[in-house]
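Here's the structure we're looking at; comments come further down.
One-based numbering along the sequence shown.
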Amino acid sequence: MSEWEPVIGLEVHVELDTETKMFCGCAVTKGDPPNTHTCPVCLAHPGALPVVNERAVEYAARIALALGCEVRPRSIFHRKNYFYPDLPKAYQISQYDEPLAVGGSFDYWVGDQKLSCRINRVHMEEDAAKLIHAGGETGRIAGSDYSMVDFNRGGTPLIEIVGEPDIPSPEAAREFLQQLRNLIVGLGVSECNMEEGQIRWDANISVRPAGSDRLGTRTELKNMNSFRFLQQALESELPRQVAILEAGGTIDQETLHFDPETGTTTPLRSKEEAHDYRYFPEPDLVPLTADEAWVDKVRQDLPELPAARVERFMSQYGLSRYDATVLGGGSTMARFYEDVVAEGVDAKLAANWTMGEYSAHLNAAGLDPGHGHVTAARLAALLRLVADGEVSGTAAKQVFALMIEERAEPRDVVTRHDLGQVSDTAELEAVVASVIAAHPAQVEQFRAGKEQVAGFFVGQVMRATQGKANPQLVSELVRTALTG
């Protein structure tokens with residue numbers, strides 16, 4: 001692969017969290033009985049006329065402005081013609097050569113490396129209905145006995161973010177999508193629930209000789225909604241293309257399916273081009289106009305963006321870029337973390353616990369930040385006990401677990417289970433003296449210059465006190481006793 005370089009471009013589709021569909025008044029819902037939110041417009045009955053959802057336009061503009069795009073003063077809708085059972089009109093209302101917004105960029109990080117991807121456009125369209133393939137083992141059309149269509153999703157407002165082929169690796173593609181998702185969720189326009197298909201993407205990939213500026217023939221991985229599977233699919237497709245080219249073959253422009261179980265890609269169909277869809281302006285909708293005052297109002301209402309918040313966390317709280325990205329990348333985790341710090345807790349201590357024990361608890365319980373028994377105030381109360389030396393770091397983890405199990409306050413757990421830290425100097429001096437007396441050989445090693453043996457004595461004291469001793473005080477007392 002050293003003689004070749006990947007060229008990856010992503011097209012990201014996001015369902016918007018509006019109350020109604022893109023061109024009709026049907027409710028946008030999840031989990032309701034099939035085909036209960038339909039009307040003549042979204043079912044394409046003759047004579048039914050679409051009307052644009054104003055809130056969907058506002059949400060699309062939020063995304064465009066957050067990506068640094070120019071929201072154009074005039075945009076129009078087109079008919080994208082193709083036949084499929086999930087599309088009752090036999091065309092999708094979308095945008096083509098006059099989209100809502102163009103010309104932005106998105107900065108993202110891969111480790112300590114800052115990368116940027118140009119954004120070609122952000123345009124609006126309607127989602128298709130949902131096909132349910134029954135009778136097979138995989139839930140896919142291949143091997144199923146029959147398919148059913150649920151039109152509840154048909155007509156849901158959808159935006160497409162079209163990136164330029166600027167992404168240099170499968171890992172970078174994964175990071176791009178994860179950080180873009182955080183941005184969109186933070187804007188309050190979509191939950192981007194991947195299990196429900198609220199965000200999904202197509203990946204176009206080709207390879208070219210290292211250092212070349214030409215683009216090779218691309219293949220497409222379509223409708224993916226797993227960061228991990230995307231990275232695996234790209235890592236599988238890259239060497240396949242290289243092997244074909246090095247053998248003197250050519251790459252067919254086609255759409256591929258990735259099988260996570262085998263880790264391989266297989267062709268589905270030849271890749272469509274724009275002319276295959278026979279775009280033409282939607283005659284039932286007038287052009288959209290976005291005046292400058294309206295665009296400025298949308299821009300002013302944008303919340304703090306994740307990239308800016310990460311930089312602020314680094315400067316305000318002294319966090320590393322990694323910590324700031326984990327805590328500041330998503331708005332809900334960022335809010336929880338800042339609520340903990342606002343309770344008077346050291347910023348680094350709060351960061352360690354929020355990323356560690358607290359995040360593990362959220363994952364195990366299937367909770368979002370800020371939900372459940374462990375509120376920011378309760379976590380802060382526990383961390384103050386640690387900072388004040390009332391509870392050791394080891395015991396604090398026990399307190400945290402019991403606090404959740406018993407739905408109790410941290411101090412109550414410490415008292416009830418006798419988990420307080422021993423910081424009484426006289427009490428600990430007696431334990432230290434006993435431990436030193438029981439290990440004369442190690443004492444001689446220390447006095448012969450092997451100072452790391454002091455750690456052995458600290459460990460023995462901690463064991464003797466069942467982990468309750470103040471480790472810093474124990475360390476001081478051990479050294480005093482050994483050198484006295």
_Looking at D127 and R200, is any side-chain nitrogen of the basic one under 4.0 Å from a carboxylate oxygen of the acidic one?_
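A salt bridge is present here (some side-chain N lies under 4.0 Å from a carboxylate O).
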_Short N-O contact, D213 and R208, less than 4.0 angstrom_ =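 No salt bridge links D213 with R208.
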Closest non-hydrogen atom pair, [X] against [Y]:
{"X": "R181", "Y": "C192", "answer": "NE-O, 2.9 Å"}
{"X": "L16", "Y": "A60", "answer": "CD1-N, 4.3 Å"}
{"X": "K21", "Y": "H37", "answer": "NZ-O, 2.8 Å"}

Any side-chain donor-acceptor pair under 3.5 Å between [X] and [Y]?
{"X": "T20", "Y": "N53", "result": "yes"}
{"X": "E11", "Y": "H13", "result": "no"}
{"X": "W4", "Y": "E246", "result": "yes"}
{"X": "D107", "Y": "S116", "result": "yes"}
{"X": "T29", "Y": "D32", "result": "yes"}
{"X": "H133", "Y": "S147", "result": "yes"}
{"X": "E15", "Y": "T156", "result": "no"}
{"X": "H78", "Y": "E282", "result": "no"}
{"X": "N193", "Y": "Q198", "result": "no"}
{"X": "E237", "Y": "T219", "result": "yes"}

_Ring centre gap for Y277 and Y91 strictly below 6.0 Å_ =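 No, the ring centres sit 6.0 Å or more apart.
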*asked:* Is it the case that the ring center of F400 lies less than 6.0 angstrom away from the ring center of Y358?
replied: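 Not close enough - the centres of the two rings lie 6.0 Å or further apart.
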*Relative to each other, are the rings of F176 and Y108 parallel, tilted or perpendicular (30° and 60° limits)?*
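Answer is perpendicular, since the angle exceeds 60°.
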*Hey, can you tell me if F227 and W201 have their rings parallel, tilted or perpendicular (30° and 60° cut-offs)?*
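F227 and W201: parallel rings.
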*Do other residues, nucleotides or ligands put more than 12 heavy atoms under 6.0 Å from the NZ atom of K114?*
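Incorrect, the count does not exceed 12.
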*Just do the ring pair (Phe, Tyr, Trp, His ring centres under 6.0 Å) check on Y337 and Y317 with the steps written out, would you?*
CA-CA 11 Å; Y337 169 71; Y317 300 120; 5.5 Å; yes
